[in-house]
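Only one structure is covered here, and it is reproduced in the block below.
In this text, all values refer to a predicted model and were calculated from it rather than measured experimentally. Sequential numbering from 1 along the given sequence is applied to the chain's residues.
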Amino acid sequence: MLASLAAMIGVAAPAYADSSDDRFLASLQAAGVTFPDPAKVIAAGKWVCQTVGQGAQMVDVVKTIQSKNPGLSGDSAAKFTAIAASVYCPQALGH
């Protein structure tokens, strides 16, 4: 469950979802990654790209996602991170 990461990063959630956000949420649901608040999970997904864009390695981003969301398994944290990158910053997938 992704709940605390968006609060930790302090990212303002968007007031509405665009087509990328809709695709991101649908992909998470299809992968079995559950979340209580779509706006917060969208913010967390965009945080993935922001963090990678600042030089963080994907493996470290996965570890942060998992550590800030204890109910999320390592596999689900990796899925979340990969889905976020594929939707919001596909160029980051090689990092």
Worksheet item: Taking a hydrophobic cluster as the set of Ile, Leu, Val, Met, Phe, Trp and Tyr residues connected by side-chain heavy atoms closer than 4.5 Å, whether directly or through intermediates, do V52 and I65 fall within one such cluster?
Response: yes
Worksheet item: Which pairs count as disulfide bond (SG atoms under 2.5 Å apart) when at least one residue sits in residues 19-90, sequence neighbours excluded?
Response: C49-C89
Discussion item. Taking F35 as the starting point, is it possible to reach W47 by hopping between hydrophobic residues whose side chains are less than 4.5 Å apart?
Written reply: yes
Worksheet item: What's the shortest heavy-atom distance between A84 and G45, and which atoms?
Response: CB-O, 3.6 Å
Practice prompt. Please answer whether the main-chain N or O of G71 pairs with a side-chain N or O of N69 as donor and acceptor at a distance below 3.5 Å.
Written response: no
Worksheet entry | All side chain to side chain contact (heavy atoms under 4.5 Å, CB included) counterparts of S20, not counting sequence neighbours | D18, R23, V87, Y88
Item to complete: Return the minimal non-hydrogen interatomic distance between Q66 and L72, and the atom names on each side.
Response: CG-O, 3.5 Å
Donor-acceptor list for residues 76-83 side chains, cut-off 3.5 Å, not counting sequence neighbours:
unit_1, atom_1, unit_2, atom_2, d
S76, OG, S73, OG, 3.2
K79, NZ, A31, O, 3.4
T81, OG1, A77, O, 2.9

